[in-house]
4 protein chains.
Amino acid sequence: MVNVKNNTATQETKRKLIDAAGEVFAEVGYERATIKEITDRAGVAIAAVNYHFSDKQELYYQVVRHAHEACTNGVRSLEQECEGCTPEQRLRRFIETILRQSMDDSLPVWRGMLLSREMHRPTAATDRFIEETLRCYVTAIEALLAELFGGPVEREQMWLLANSVMGQCFIYPHKKEILARLYPDLAPVADRIPLIADHIARSTVATARAMQEASHRPAAPPAPVG
Amino acid sequence: MVNVKNNTATQETKRKLIDAAGEVFAEVGYERATIKEITDRAGVAIAAVNYHFSDKQELYYQVVRHAHEACTNGVRSLEQECEGCTPEQRLRRFIETILRQSMDDSLPVWRGMLLSREMHRPTAATDRFIEETLRCYVTAIEALLAELFGGPVEREQMWLLANSVMGQCFIYPHKKEILARLYPDLAPVADRIPLIADHIARSTVATARAMQEASHRPAAPPAPVG
Amino acid sequence: MVNVKNNTATQETKRKLIDAAGEVFAEVGYERATIKEITDRAGVAIAAVNYHFSDKQELYYQVVRHAHEACTNGVRSLEQECEGCTPEQRLRRFIETILRQSMDDSLPVWRGMLLSREMHRPTAATDRFIEETLRCYVTAIEALLAELFGGPVEREQMWLLANSVMGQCFIYPHKKEILARLYPDLAPVADRIPLIADHIARSTVATARAMQEASHRPAAPPAPVG
Amino acid sequence: MVNVKNNTATQETKRKLIDAAGEVFAEVGYERATIKEITDRAGVAIAAVNYHFSDKQELYYQVVRHAHEACTNGVRSLEQECEGCTPEQRLRRFIETILRQSMDDSLPVWRGMLLSREMHRPTAATDRFIEETLRCYVTAIEALLAELFGGPVEREQMWLLANSVMGQCFIYPHKKEILARLYPDLAPVADRIPLIADHIARSTVATARAMQEASHRPAAPPAPVG
DNA sequence: AATGAATGAGCCTTCATTCAT
DNA sequence: GATGAATGAAGGCTCATTCAT
């Protein structure tokens with residue numbers, strides 16, 4: 001029982017540290033975050049970080065790991081929810097999920113911010129998680145696009161389409177502050193998530209369809225735009 | 001002549017410092033960058049930073065300022081070049097310019113990387129520049145879209161389209177390393193800039209046209225995708 | 001007991017630092033004093049200053065505070081000792097105490113030196129303490145002079161007398177080295193403290209008496225000396 | 001003529017430097033004074049200090065030298081002025097001169113402040129000047145006291161009296177700020193120089209007379225005060 | 001298990017001084 | 001004669017980490 005109790009206490013302290021660290025890392029980044037600030041917010045001693053985690057790096061690793069798992073879990077549970085829907089509907093739902101995961105204030109605020117930081121420039125210790133997170137997204141997108149096409153898609157076209165989807169999605173959370181400055185009358189973005197998801201989904205479907213048609217008429221490729 | 005020479009020498013040292021600082025800041029970010037590393041690369045004494053600029057912050061400010069000016073100048077000169085082209089051509093050229101400015105290896109490598117960092121999370125000292133840089137892009141994009149539409153565009157639709165263009169463009173430079181990991185067979189991206197520009201331009205034009213049509217047939221709005 | 005022990009250890013280190021800092025500050029002044037010299041003398045790590053005090057300024061503040069308290073405590077305990085004595089005796093004892101506090105080698109040497117520095121030009125952070133220290137002296141002197149007069153004294157006369165007492169006292173500690181150079185045969189001054197106290201007390205009493213008489217014969221003021 | 005002109009220019013620059021340095025040294029002390037601040041106030045290049053004087057120390061030396069000479073010259077010219085006066089009158093004039101030299105605002109402000117700093121703790125480079133300055137004062141005082149006594153004075157008594165005079169004088173300039181705090185209603189002191197000089201002179205004469213009488217009646221020494 | 005005390009490495013900055021012109 | 005550019009030495013401070021308890 002002592003072990004159980006201690007374990008519980010330990011887990012509690014670790015959780016408090018991860019939450020506090022998540023906030024601080026998200027707010028000021030890895031370098032500017034100080035262990036003192038984190039332990040102060042968590043209400044524990046400064047030596048607790050080195051005690052429960054081995055060092056600052058490892059704490060950061062665990063924090064990113066938590067955010068990563070929350071995101072991939074979100075995508076997997078979405079796949080189950082949408083089993084009966086059309087490909088177009090599933091694409092739209094998926095896009096909306098990405099947007100919500102990184103901007104919805106009902107989720108822990110720091111999660112999206114932190115992954116935003118990390119996606120932009122992953123740390124050596126965390127790039128695997130980040131890669132996995134994005135790969136989780138990409139795999140889902142590719143599956144959806146394959147369904148849209150109704151058959152195999154050429155790799156380069158898949159690449160272009162997937163990048164376009166992710167690019168259009170991530171600009172909203174990852175350049176949040178700048179967008180708010182450029183279009184102050186259209187902030188906050190979180191309120192327009194359905195509108196955005198609709199736009200991206202439509203555009204993607206239309207572009208995919210156009211690609212499909214073009215590839216079926218190889219004899220007469222459309223003239224380049226520029 | 002003495003003044004001229006001295007000025008030249010001063011400018012020379014300042015330039016060496018800005019170049020070296022640009023590299024280092026781009027590589028490891030503001031916090032991890034040390035003045036010693038910068039002055040070592042520039043081949044000057046460590047106190048030179050304090051002499052020519054007042055402190056690390058101001059050096060950083062000047063570095064971002066330089067990158068900012070190079071980018072906005074690039075956009076402006078592009079506008080002159082494309083005076084006789086169709087809107088579609090100009091859009092494609094513009095997209096290609098954004099992509100080249102941030103990925104082309106013939107330009108100072110650090111410029112794109114640094115602005116990438118900054119756009120993601122602008123520093124207090126630099127947010128004005130970053131905002132201006134992006135506003136320069138946005139203004140150009142909006143003008144092109146207005147031409148495409150052949151008339152005024154509703155603000156929210158303009159916002160969605162402009163964000164889509166920027167999102168699709170910036171994902172390539174700003175998530176460069178992650179994309180290389182997700183699609184190792186399609187790296188390096190720099191070699192595919194024309195292809196990407198073509199894709200984004202087509203997609204944008206098609207989406208814009210679709211919007212235009214939809215707004216002309218308000219009686220029968222297309223059913224939502226999802 | 002753990003807390004008690006830790007507290008003791010902390011207090012011990014702080015005390016060592018304050019003692020070492022007192023010496024160094026007294027010897028070379030605030031600016032020339034280096035934290036390294038202080039921590040070396042105290043036998044602790046250089047970062048200990050920042051840990052126990054926040055910075056060099058705060059350490060200095062605490063050092064001055066200690067010296068201040070020792071001095072004011074000395075004056076207060078003296079007042080209790082001399083309860084039954086005549087005003088003349090008490091004035092003499094008081095003067096001797098001032099002299100001893102700043103020159104007696106049996107007290108921590110740096111205390112007098114440090115206050116000497118501070119009295120000459122108080123730091124922004126310490127002028128309150130210095131003012132209090134001197135005010136403690138002045139209040140005691142004024143009380144003694146009022147007793148000597150046997151009634152209220154005109155403020156300007158009180159001012160002249162108190163300044164004269166303090167001036168005659170402080171010249172010995174505050175211009176110690178120069179006096180040693182001017183009168184090498186009469187050094188060290190510490191051995192002559194009783195003689196000096198006797199001289200200053202006599203002179204003060206005589207001057208006070210003369211003032212008193214003069215004010216009782218306002219009709220025939222004594223001709224100015226010069 | 002070129003040499004003459006150059007010499008004149010050189011002297012002019014040196015003078016500007018000494019004046020500016022005097023101000024700065026007086027305001028913030030040797031350590032906190034920076035060469036840049038001095039050369040900025042003097043309106044010359046930063047390298048001028050090392051060019052005209054060899055280093056900061058030497059500049060300081062010259063500044064103190066100037067102040068020293070001004071003071072000793074003042075005492076010497078006073079001696080000539082007062083040739084026909086009584087010893088009492090000359091003592092009073094002398095005291096007034098000391099007070100004016102260190103507090104009168106019509107003189108270069110920094111002179112008194114700087115010597116005040118130096119007297120309190122002479123620098124290795126300047127203690128000779130300071131000693132000379134004070135010795136100049138002491139010699140004059142001793143001569144005046146000898147006249148007052150009308151014959152030779154025992155060395156220890158001379159020491160006590162001279163110290164008392166100097167102590168009473170120097171407390172006003174050297175503890176100026178603190179006195180202003182302790183007696184805010186009696187500031188500024190400069191306006192009360194005649195009153196102070198009168199008080200010190202009277203007190204000194206009276207004390208000297210008392211000493212004289214005591215030494216003439218060795219059979220019945222006065223009982224100690226305390 | 002958990003903590004407060006203490007540390008060492010490293011960074012930014014200041015400043016007197018030098019050197020080429 | 002005089003200067004602006006440039007430097008090297010040194011200091012204060014921060015911070016992650018360790019250790020005794």
Side-chain angles (χ1 to χ4, degrees), chain A residues 2-3 5-10 12-13 31-39 44-52 54-57 59, chain B residues 1-3 5-14 31-39 44-52 54-57 59, chain C residues 1-3 5-14 17 31-39 44-57 59, chain D residues 2-3 5-10 12-13 31-39 44-52 54-57 59:
Chain A
V2 171
N3 277 344
K5 185 183 176 188
N6 284 341
N7 271 344
T8 308
T10 295
E12 176 67 10
T13 301
E31 332 287 342
R32 300 185 83 104
T34 69
I35 290 197
K36 184 156 187 2
E37 172 71 18
I38 291 170
T39 51
V44 299
I46 191 177
V49 164
N50 293 70
Y51 180 74
H52 288 283
S54 60
D55 57 5
K56 189 186 179 186
Q57 282 268 9
L59 171 60
Chain B
M1 285 305 270
V2 171
N3 278 344
K5 186 173 181 189
N6 282 342
N7 271 344
T8 307
T10 295
Q11 292 306 101
E12 176 67 12
T13 300
K14 284 180 107 166
E31 337 281 344
R32 299 185 81 104
T34 68
I35 290 193
K36 180 153 186 14
E37 172 70 19
I38 292 170
T39 50
V44 299
I46 195 173
V49 165
N50 184 256
Y51 179 75
H52 288 283
S54 57
D55 55 5
K56 190 185 177 185
Q57 281 264 16
L59 172 58
Chain C
M1 284 305 268
V2 171
N3 277 345
K5 187 174 182 187
N6 282 343
N7 271 344
T8 308
T10 295
Q11 292 308 101
E12 176 68 11
T13 300
K14 283 181 106 166
L17 273 173
E31 336 281 346
R32 299 186 82 103
T34 69
I35 290 194
K36 181 153 185 15
E37 172 69 19
I38 291 170
T39 51
V44 299
I46 195 173
V49 165
N50 183 255
Y51 179 74
H52 288 284
F53 311 86
S54 58
D55 56 6
K56 190 185 178 187
Q57 282 265 14
L59 171 59
Chain D
V2 172
N3 279 343
K5 185 184 177 187
N6 285 341
N7 272 344
T8 308
T10 295
E12 176 67 11
T13 300
E31 331 286 343
R32 298 185 83 105
T34 68
I35 291 196
K36 183 156 187 5
E37 173 71 18
I38 292 169
T39 50
V44 299
I46 192 177
V49 164
N50 293 71
Y51 181 73
H52 288 283
S54 60
D55 57 6
K56 190 185 178 186
Q57 282 269 10
L59 171 60

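By convention in this document, chain letters (A, B, ...) are assigned in the order of the sequence lines, proteins followed by strands, and residues within each chain are numbered from 1. Heavy atoms only: backbone and side chains are in, while hydrogens, waters and symmetry mates are out.
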Quiz prompt | Interatomic distance where CZ belongs to C:Phe53 and C1' belongs to E:dA6 [whole Å] | solution = 14 Å

Quiz item: How close or far is atom P of F:dT17 from atom NZ of A:Lys36, stated in whole angstroms?
Solution: 16 Å

Self-check item: Nearest to side-chain heavy atoms of D:Thr10, which nucleotide of F:dC13, F:dA2, F:dC15
Solution: F:dA2

Quiz prompt | Value rounded to 0.5 Å, distance of CG in A:Asn50 from CG in A:Leu59 | solution = 9.5 Å

Quiz prompt | Spacing of B:Lys56 atom NZ relative to E:dT13 atom P, expressed in whole Å | solution = 8 Å

Quiz item: Just how far is it from atom OG1 of A:Thr39 to atom CD1 of A:Ile46, taken to the nearest 0.5 Å?
Solution: 5.0 Å

Practice problem: Look at the side-chain N and O atoms of C:His52 and state whether any lies under 4.0 Å from the OP1 or OP2 oxygen of E:dA6. | Solution: yes

Exercise. Give DNA chain E the dot-bracket treatment, 5' to 3': Watson-Crick (N1-N3 with N6-O4 or O6-N4) or G-U (N1-O2, O6-N3) under 3.5 Å, [ ] crossing, | other strand.
Key: .||||||||||||||||||||

Quiz item: Between atom CG in D:Asp55 and atom C1' in E:dC15, what is the gap in whole Å?
Solution: 13 Å

Practice problem: Would you mind reading off the distance between C:Leu17 atom CG and E:dT7 atom C1', rounded to a whole angstrom? | Solution: 13 Å

Quiz prompt | Distance, rounded to the nearest Å, where A:Arg32 contributes CZ and E:dC11 contributes P | solution = 16 Å

Identify each atom pair where a protein N or O and an N or O of nucleotides 7-9 of chain F are less than 3.5 Å apart, giving names and distance.
unit_1 : atom_1 : unit_2  : atom_2 : d
F:dT7  : OP2    : B:Ala45 : N      : 2.9

Quiz item: If you check every side-chain atom of B:Ile35, which of E:dC12, E:dA5, F:dA2 has the closest atom?
Solution: E:dC12

Quiz prompt | Between NE2 on residue B:His52 and NZ on residue B:Lys14, distance to nearest 0.5 Å | solution = 7.5 Å

Quiz item: With respect to the phosphate group of E:dT13, does any side-chain polar atom (N or O) of B:Asn50 fall under 4.0 Å of OP1 or OP2?
Solution: no

Quiz item: Considering residues at least two apart in sequence or located in another chain, which fulfil the side-chain contact (heavy atoms from CB on, under 4.5 Å) criterion with A:Asp55?
Solution: A:Gln57, A:Glu58

Quiz item: What are the two closest heavy atoms between A:Glu31 and A:Lys56, and how far apart are they?
Solution: O-NZ, 3.7 Å

Self-check item: d(CG, A:Leu59; P, F:dT17) in whole Å
Solution: 10 Å

Practice problem: Find the distance between CG (C:Leu17) and OH (C:Tyr51) and round it off to the nearest 0.5 Å. | Solution: 12.5 Å

